[in-house]
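To keep things clear, I will list the structure first and then write my remarks on it.
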Protein chains: 2
Amino acid sequence: MTTRTAPGPRERLLEAAKELTYRQGMGVGVDALLKAANVARRSLYEHFGGKDGLVTEVLRLTAAEDEAAYEQTMRAAGDDPRRRLLAVFDWLGEIIEEPDFRGCRYLAAELALTDPEHPGHAVTRRYRERVHDLLEAELRRLGHPRPAYAADQLLLLIDGTLAVGATRPGTHPAAAARQLAEQILGEPRRS
Amino acid sequence: MTTRTAPGPRERLLEAAKELTYRQGMGVGVDALLKAANVARRSLYEHFGGKDGLVTEVLRLTAAEDEAAYEQTMRAAGDDPRRRLLAVFDWLGEIIEEPDFRGCRYLAAELALTDPEHPGHAVTRRYRERVHDLLEAELRRLGHPRPAYAADQLLLLIDGTLAVGATRPGTHPAAAARQLAEQILGEPRRS
DNA sequence: TGGTCGATAGACCGAACGGTCTATCTACAA
DNA sequence: TTGTAGATAGACCGTTCGGTCTATCGACCA
């Protein structure tokens, strides 16, 4: 039986950091993280080597989760690549409406991590390319003439949606983006 | 004759803060700002009341500058609203290519200023609405059936362009956005 | 039973943070 | 010439920062 073991300090730290680095930004103090996770100071340095290691691991973790969320969203939309791609924007619309939505975590991280050598940058860059490739694969299945370029455009719409969702709540950027996405995908193929 | 007086401490501080808050983020230390501006510590608190007052004033200043840059870009593009709107994306393309481009200052500020009561938020919000209204006015002149909604979409493309420009250099988001913008504007009117 | 290892609490470190203060200097006006 | 206002340098304040360290605790295993 897969009994759920009580999460250890490492898991508690990751969970607390995931939450706090998003809500409070990358500037959260170590003390705040430790208190939120109920973890001894030493454990942080044992497991992650320092704050940078922790936030990098958080980025890695959430990137995997979000990547899976893209895949799950498309899987739930069925087989038609057109429907699958448009479903992404419906999903974004839901995310934006969540009360504690604060914009794209990865964009915020890249803007906040001043040091270009911070290992977090590599994680966010890889994440973006993975999403790009997911989109491109669908576009290819759709028979789009320029799948890579169209994926660039869809990614631009996604980033725009998340940015506007954070800065102009009340407008409905996901719906506006979805309409533009339809034009990228071209006329629906009438079988 | 309009002899250019040597800039006083206030101007030097604003200029240094404009530069450093963009390059290093809102987390720059007061000491770094003072050193860069060659200004006494006391002067900062005399003129701006504190760091928050300074960065808010910087946002106000750059918002006015950027607003003027939008207007100038459109003015230089002539009278046709379609050309004027598309010129914005050409201009964004130039901005993104600048070697020290680091993304949208206002989005970065909004993500970095955790405290929702920080006066900077009001400045960035106002700025966005001003740009929106500039776009909407052109769309109205163009005879667009839904100028406010189309302005939402253009603003989304702008934010997406700046985000992608910061996170995926090498791709050419401004050109990709421009093409989508053309579709928002509709078929060019053949006089 | 004793040993080991992971975790705990928390003192402690030097550095940097934002902000206040005194004292001095300089330019300009009365 | 003297007074005044604005700017200067920089000491100083308490707090917080990320990070290190010691000491203790408790669970599991030999």
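Everything numeric in this text was worked out from a predicted model, so none of it was measured. Lettering of chains follows the sequences in order, A, B, ..., and the numbering in each one begins at 1.
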- Task: Can you sort out the partners of B/Gln179 under side-chain contact (heavy atoms from CB on, under 4.5 Å), two or more places apart, ordered by chain and number?
- Result: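 side-chain contact (heavy atoms from CB on, under 4.5 Å) check on B/Gln179 returns A/Tyr149, A/Gln153, B/Gln183.
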- At under 4.0 Å between heavy atoms, what does A/Arg10 touch on the DNA or RNA strands: base, sugar-phosphate, or nothing?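 No contact.
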- Give one of base, sugar-phosphate or nothing for B/Gly50, where a contact means two heavy atoms less than 4.0 Å apart.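 Sugar-phosphate contact only.
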- Task: Please list residues of residues 18-29 of chain A whose heavy atoms come under 4.0 Å from any atom in DNA chain D, ordered by number; otherwise none.
- Result: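 Those residues are A/Val28, A/Gly29.
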- salt bridge (Lys or Arg N to Asp or Glu O under 4.0 Å) assessment of A/Arg23 paired with A/Asp100: CA-CA 8 Å; A/Arg23 285 202 348 227; A/Asp100 52 354; over 6 Å; no
- Item | salt bridge (Lys or Arg N to Asp or Glu O under 4.0 Å) between A/Arg10 and A/Glu46, intermediate numbers included | CA-CA 9 Å; A/Arg10 183 187 155 90; A/Glu46 289 290 338; over 6 Å; no
- Mark yes or no for whether A/Ser43, through its side chain, and A/Val39, through its backbone, hold a donor-acceptor pair below 3.5 Å.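 No, the answer is negative, given that no donor and acceptor are paired below the 3.5 Å cut-off.
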- Step by step, would you call A/Lys18 with A/Glu65 a salt bridge (Lys or Arg N to Asp or Glu O under 4.0 Å)? CA-CA 12 Å; A/Lys18 186 171 105 181; A/Glu65 289 175 356; 3.2 Å; yes
Is it the case that more than 12 heavy atoms not belonging to [X] sit under 6.0 Å from its [atom1] atom?
X        : atom1 : result
A/Asp79  : CG    : no
B/Arg83  : CZ    : no
B/His47  : NE2   : yes
A/His121 : NE2   : yes

Interatomic distance where [atom1] belongs to [X] and [atom2] belongs to [N] [whole Å]:
X       : N      : atom1 : atom2 : value
B/Lys35 : C/dC17 : NZ    : P     : 11 Å
A/Arg12 : C/dT8  : CZ    : C1'   : 10 Å
B/Leu34 : C/dA16 : CG    : P     : 15 Å

- Close residues, residues 110-120 of chain B, relative to DNA chain C [heavy-atom separation under 4.0 Å]: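 Within this stretch, nothing sits under 4.0 Å of the strand.
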- Sorted by number, the residues of residues 36-47 of chain B with heavy-atom contact under 4.0 Å to DNA chain C: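 Output list: B/Arg41, B/Arg42, B/Tyr45.
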- Query: Do the side-chain N and O atoms of A/Asp66 and A/Tyr106 include a donor-acceptor pair separated by under 3.5 angstrom?
  - Reply: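 Side chains of A/Asp66 and A/Tyr106: pair found under 3.5 Å.
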- Anything under 4.0 Å to a heavy atom of chain B counts; send over the first and last such nucleotide of DNA chain D, read 5' to 3'.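 So the contact region on DNA chain D extends D/dA7 to D/dA11.
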- Assign each of B/Gly8 and A/Gly49 to its nearest nucleotide of DNA chain D by heavy atoms, then name whichever residue's nucleotide is nearer the 5' end.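 Its nearest nucleotide being more 5', the pick is B/Gly8.
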- Message: Per the salt bridge (charged side-chain N to carboxylate O under 4.0 Å, His left out) rule, what does the pair list look like for residues 108-127 of chain A, sequence neighbours excluded?
- Response: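 Matches after skipping sequence neighbours: A/Glu110-A/Arg128.
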- Derivation and outcome, salt bridge (Lys or Arg N to Asp or Glu O under 4.0 Å), residues A/Glu71 and A/Arg130: CA-CA 11 Å; A/Glu71 288 169 337; A/Arg130 271 295 281 141; 3.6 Å; yes
- Spell out, yes or no, whether B/Leu134 and B/Leu86 are grouped together once hydrophobic residues are joined by side-chain heavy atoms under 4.5 Å, including indirect joins.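 Yes, B/Leu134 connects to B/Leu86 through the hydrophobic network.
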